[in-house]
Visitor: 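Once you've had a glance at the structure underneath, I'll fire off some questions.
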Protein chains: 2
Amino acid sequence: MTKPSARTRILQAAADRFYADGISATGIDAIIADAGVAKMSLYNNFESKSGLVMAYLEQRHTEWLELYAARLASSTSALERVLAVVDAYIDHAEAGYAHGFRGCGLLNAAAELPVGEPGRAVVAGHKAQVRGFFAEHLEANGCADPQEMASHCSFVLEGAMALSGLEGNSSALRKARTLILELAGGR
Amino acid sequence: MTKPSARTRILQAAADRFYADGISATGIDAIIADAGVAKMSLYNNFESKSGLVMAYLEQRHTEWLELYAARLASSTSALERVLAVVDAYIDHAEAGYAHGFRGCGLLNAAAELPVGEPGRAVVAGHKAQVRGFFAEHLEANGCADPQEMASHCSFVLEGAMALSGLEGNSSALRKARTLILELAGGR
DNA sequence: GTCTAAATAGACAGACCTGTCTATGAGACG
DNA sequence: CGTCTCATAGACAGGTCTGTCTATTTAGAC
């Protein structure tokens with residue numbers, strides 16, 4: 001059981017802090033202290049704090065894709081694949097419960113980024129991809145208007161995520177899962 | 001045309017900056033410069049920066065209530081009153097377009113506040129109230145399960161708001177309005 | 001064993017942050 | 001006029017921020 005690389009530990013520590021306290025409120029010093037790493041190790045692995053933020057955003061997106069792939073792998077119908085999108089969200093949310101659940105890390109990050117910051121594009125791309133997965137599986141499930149329904153499912157999912165984050169638990173997300181099952185199930 | 005009070009100008013400048021750049025990223029100095037006011041005027045009117053943030057959150061909530069009241073006043077049916085909730089969101093969103101639309105200011109603020117901060121309760125209370133308005137008008141409109149439907153409408157509205165903010169325009173919000181009209185219209 | 005690449009601790013610069021203090025000016029009201 | 005309240009400019013303290021630099025140590029490849 002060898003210790004992970006400095007880069008990995010930095011990214012992990014940054015992810016925890018960024019998610020729990022916000023990006024602007026998290027200082028470099030707190031991250032390196034949590035990671036147990038020297039400051040130069042951070043600047044050798046990342047160009048700057050905002051480079052670290054970009055890596056954080058991309059890592060969260062990648063993590064979600066992996067959770068989604070895992071859910072997809074165990075799905076046996078188009079309807080289950082629609083739900084796989086939602087379940088990946090729930091999985092991702094619950095992975096971050098350690099210091100309190102605070103909703104979607106990517107949307108929270110975007111909330112701190114002014115218009116025009118490149119990080120916002122990463123988040124927008126992620127959400128567009130999620131919506132695309134909905135459309136794909138809804139179409140396979142025989143939905144009459146999969147694009148329209150994908151928007152609907154997307155809205156329900158993102159709204160539930162935001163409200164779940166405010167409440168600090170995943171009950172709204174579970175309710176959203178039921179709603180989306182009804183929306184998608186009733187062709 | 002007399003100049004507004006220092007307090008008013010400070011709150012206005014803070015609201016603009018907080019919404020456009022985020023709360024942590026906005027310094028006191030930028031606010032007083034925008035407001036054209038001395039630093040002591042800020043600290044005479046607000047206890048601290050976080051007191052100013054609380055005033056900002058409460059002001060946004062109040063502003064929304066006023067927009068909602070205005071929409072309610074011109075509504076003539078229960079269904080129109082359901083839509084008044086959505087229209088108040090759209091009105092509020094479009095009022096902040098000046099430096100770029102970035103979604104719901106209250107949710108964005110909550111995204112910066114760690115779990116336990118009192119500001120989060122203000123935002124959660126606002127969202128609970130919005131959901132309550134949906135339930136009230138849906139029930140009056142003869143909805144079979146107004147509580148359940150209110151959650152559904154709430155999710156759609158908040159999700160569309162978040163995605164609209166990412167895109168930087170209100171097209172998702174307009175789509176949500178159509179969806180909510182269908183949800184509520186079909187008893 | 002040696003060479004190389006990565007990681008370390010810690011000082012440091014320079015900017016920016018919140019919040020306080022002082023001394024002064026301007027307008028309202030009696 | 002005198003008083004009172006509010007606002008002003010600006011210096012200031014004390015802390016924190018990002019990012020750089022140096023000199024040293026560790027760890028792995030060959």
Side-chain angles (χ1 to χ4, degrees), chain A residues 1-59 99 108-109 111-114 116-120, chain B residues 1-59 108-109 111-114 116-119:
Chain A
M1 180 80 189
T2 162
K3 195 157 63 169
S5 75
R7 185 178 206 278
T8 302
R9 278 180 294 149
I10 292 166
L11 206 39
Q12 180 59 53
D16 285 352
R17 286 275 192 166
F18 285 163
Y19 183 79
D21 300 335
I23 291 173
S24 305
T26 298
I28 292 292
D29 289 343
I31 293 170
I32 63 173
D34 285 5
V37 116
K39 189 181 276 195
M40 275 312 292
S41 296
L42 191 155
Y43 284 99
N44 284 335
N45 284 282
F46 303 93
E47 194 193 332
S48 63
K49 181 180 177 180
S50 88
L52 176 58
V53 170
M54 285 299 287
Y56 162 65
L57 296 178
E58 268 144 25
Q59 184 191 244
H99 303 289
N108 287 352
E112 292 197 54
L113 300 173
E117 283 281 310
R120 289 182 74 83
Chain B
M1 179 82 190
T2 161
K3 195 157 65 168
S5 75
R7 186 178 205 279
T8 302
R9 277 180 295 148
I10 291 166
L11 206 41
Q12 180 59 52
D16 285 352
R17 285 275 193 168
F18 285 162
Y19 183 79
D21 299 336
I23 291 172
S24 306
T26 298
I28 293 291
D29 289 343
I31 294 170
I32 63 173
D34 285 4
V37 115
K39 191 181 276 196
M40 275 311 292
S41 295
L42 192 155
Y43 284 99
N44 284 335
N45 283 283
F46 302 94
E47 195 194 333
S48 63
K49 181 179 177 181
S50 87
L52 176 59
V53 170
M54 286 298 289
Y56 163 64
L57 297 178
E58 270 144 24
Q59 183 191 244
N108 288 351
E112 290 197 57
L113 300 173
E117 283 281 311

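Letters A, B, ... mirror the listed sequences (proteins, then strands); counts begin at 1. Computed from a predicted model, the values in this text were never measured in an experiment.
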Visitor: From the list C/dA7, D/dG10, C/dG19, which nucleotide is the closest neighbour of the side chain of B/Lys49?
Guide: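 So the nucleotide nearest the side chain must be C/dG19.
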Visitor: For B/Asp29, answer base if it contacts any base atom (sugar-phosphate contacts may also be present), sugar-phosphate if it contacts only those atoms, and nothing otherwise; contact means non-hydrogen atoms under 4.0 Å.
Guide: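 Since a base atom lies under 4.0 Å of B/Asp29, the category is base.
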Visitor: So does A/Lys39 reach the base of C/dG10 with its side chain, donor to acceptor, closer than 3.5 Å?
Guide: no
Visitor: How close or far is atom C1' of C/dA7 from atom OH of A/Tyr43, stated in whole angstroms?
Guide: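 The distance from OH of A/Tyr43 to C1' of C/dA7 comes to 17 Å, rounded to the nearest Å.
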Visitor: Is the shortest side-chain heavy-atom distance between A/Ile31 and A/Val37 below 4.5 Å?
Guide: no
Visitor: May I have the distance from A/Ile31 (atom CD1) to D/dT18 (atom C1'), rounded to whole angstrom?
Guide: 11 Å
Visitor: Tell me: CZ of B/Arg7 to C1' of D/dT5, nearest whole Å?
Guide: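 That distance rounds to 17 Å.
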Visitor: For A/Gly27 and for A/Met40, find the nucleotide of DNA chain D with the closest heavy atom, then tell me which residue's nucleotide is more 5'.
Guide: A/Gly27
Visitor: Considering only C/dT18, C/dG10, C/dA7, which nucleotide approaches the side chain of B/Ile28 most closely?
Guide: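 Shortest atom-to-atom distance from the side chain points to C/dT18.
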Visitor: So what does A/Thr26 touch, heavy atoms closer than 4.0 Å: a base, only the sugar-phosphate, or nothing?
Guide: sugar-phosphate
Visitor: Between B/Leu42 (CG) and D/dA9 (C1'), how many Å, whole number?
Guide: 15 Å
Visitor: Rounded off to whole Å, could you give me the CZ-to-C1' distance for the A/Phe46 and D/dT20 pair?
Guide: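 It is 18 Å, rounded to the nearest whole Å.
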Visitor: Measure the distance from CD1 on A/Ile32 to P on D/dT20 and round it to the nearest whole Å.
Guide: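 Result: 14 Å.
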Visitor: Would you check if B/Ile28 and B/Leu42 make a side-chain contact, meaning some heavy-atom pair closer than 4.5 Å?
Guide: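 Yes. Closest side-chain heavy atoms under 4.5 Å.
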Visitor: If you find the nucleotide of DNA chain D closest to B/Ala38 and the one closest to A/Ser48, which residue's nucleotide is nearer the 5' end?
Guide: B/Ala38
Visitor: Using whole Å, what does the distance between atom P of nucleotide D/dC6 and atom CD1 of B/Ile10 come to?
Guide: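 Whole-Å distance recorded here is 13 Å.
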Visitor: Which nucleotide in the set D/dA7, C/dA7, D/dT18 lies at the smallest distance from any side-chain heavy atom of B/Ser41?
Guide: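 Selected nucleotide (nearest to the side chain): D/dA7.
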Visitor: Output the rounded distance in Å from CD (B/Glu47) to P (C/dT18).
Guide: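 In whole Å, C/dT18 P and B/Glu47 CD are 15 Å from each other.
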Visitor: Heavy atoms, side chains only, cut-off 4.5 Å: are B/Asn108 and B/Glu112 in contact?
Guide: no
Visitor: Can you find a pair of side-chain heavy atoms, one from B/Asp34 and one from B/Asp16, that are under 4.5 Å apart?
Guide: no
Visitor: Can you tell whether the side chains of B/Asp29 and B/Lys39 come within less than 4.0 Å, N to carboxylate O?
Guide: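 Looking at B/Asp29 and B/Lys39, the cut-off is met.
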